[in-house]
Amino acid sequence: MPRLFVALELPELLKEAIGEIQAGLRDARWLDEEGLHLTLAFIGEVDHLAQARIEAALSRVEASALAVGLHGVGHFPLRGPPRVLWVGASPARDLGALAASVRSVLARAGYPPERRKFAPHVTIARFHRPPPPLALQDYLGSFALFRTSMVPVASFRLLSSRLLPSGARYTVEADFPLARASSHEA
């Protein structure tokens with residue numbers, strides 16, 4: 001059964017910018033370009049019939065194309081040993097609205113995504129064991145001012161993932177274009 005989630009595929013310019021800061025923590029397992037995305041909703045394992053219904057539901061998402069930028073670094077969980085290193089994404093309001101729209105159509109179709117509050121971010125590394133606190137503090141301080149330009153994003157995707165010992169492998173199951181804003185919209 002496929003393990004599904006909905007995400008924005010990052011433009012190459014943003015992936016390259018992330019690649020420039022993926023160094024300096026020896027205990028980090030840095031994600032490759034294929035693994036860099038902004039998750040809008042995690043669905044989980046479903047059968048192929050359910051996947052078809054999910055794709056139909058996602059085709060009803062109405063949202064405008066947007067520009068996305070990345071900024072700052074942090075880790076999850078906020079308390080306790082870190083397991084994930086991330087960069088923040090903006091504009092939070094627009095990304096939050098898109099995530100809410102995606103989650104709403106999924107819920108109406110009978111596939112409520114996880115309840116975790118949406119926090120726009122891109123995971124850039126995972127930790128098998130926590131890094132030394134000073135090394136993590138130095139890394140976070142070094143890239144606290146990390147910021148990219150805003151880059152247009154024109155679609156979101158339904159992705160499946162296979163968990164392997166070397167890390168997750170992703171397959172694009174469907175691509176959904178975001179509507180272009182009309183020229184008379186302000």
If the plane angle is over 60° it's perpendicular, under 30° parallel, otherwise tilted; pick one for Phe176 and Phe156. parallel
For atom CG of Leu163, is the number of surrounding heavy atoms from other residues, nucleotides or ligands below 6.0 Å larger than 12? yes
May I ask you to decide if Ala97's main-chain N or O and Ser101's side chain share a donor-acceptor pair within less than 3.5 Å? no
Determine whether the aromatic ring centres of Phe76 and Phe127 lie less than 6.0 Å apart. no
Report yes if the side chains of Met150 and Pro91 come closer than 4.5 Å at any heavy-atom pair, otherwise no. yes
Please confirm whether the backbone N or O of Ala23 pairs with a side-chain atom of Tyr139, one donor and one acceptor, at under 3.5 Å? no
Closest non-hydrogen contact found for Leu95 with Leu40 is O-CD2, 4.4 Å
Got a donor-acceptor contact below 3.5 angstrom from the Gln51 side chain to the Val46 backbone? no
Report yes or no: does Arg3 contribute a side-chain atom to a donor-acceptor pair with the main-chain N or O of Leu159 at less than 3.5 Å? no
Examine distances only and state if a side-chain atom of Thr171 and a backbone atom of Ser160 form a donor-acceptor pair shorter than 3.5 Å. no
Got a sec: does the CZ of Arg162 have more than 12 other heavy atoms crowding it under 6.0 Å? no
Taking Arg60 first and then Glu55, would you say they form a salt bridge - that is, a charged N and a carboxylate O separated by under 4.0 Å? no
His75 to Leu136 - nearest heavy-atom pair and separation: CD2-CD2, 3.9 Å
Test item: Val84 and Thr123 side chains (from C-beta on) under 4.5 Å apart, heavy atoms: yes
Any sub-3.5 Å donor-acceptor pair from His37's side-chain atoms to Gly35's backbone N or O? yes
Over 12 non-hydrogen atoms of neighbours within 6.0 angstrom of CD in Glu16: yes
I'd like to know if Phe118 and Leu178 are part of one continuous hydrophobic network [Ile/Leu/Val/Met/Phe/Trp/Tyr, side-chain heavy atoms within less than 4.5 Å]. yes
So, the side chain of Glu34 versus the backbone of Arg169: is there a donor-acceptor pair under 3.5 Å, distance only? no
Check this for me: Glu12, atom CD, are more than 12 non-hydrogen atoms of other residues, nucleotides or ligands nearer than 6.0 Å? yes
Return the minimal non-hydrogen interatomic distance between Leu85 and Gly74, and the atom names on each side. CD1-O, 3.2 Å
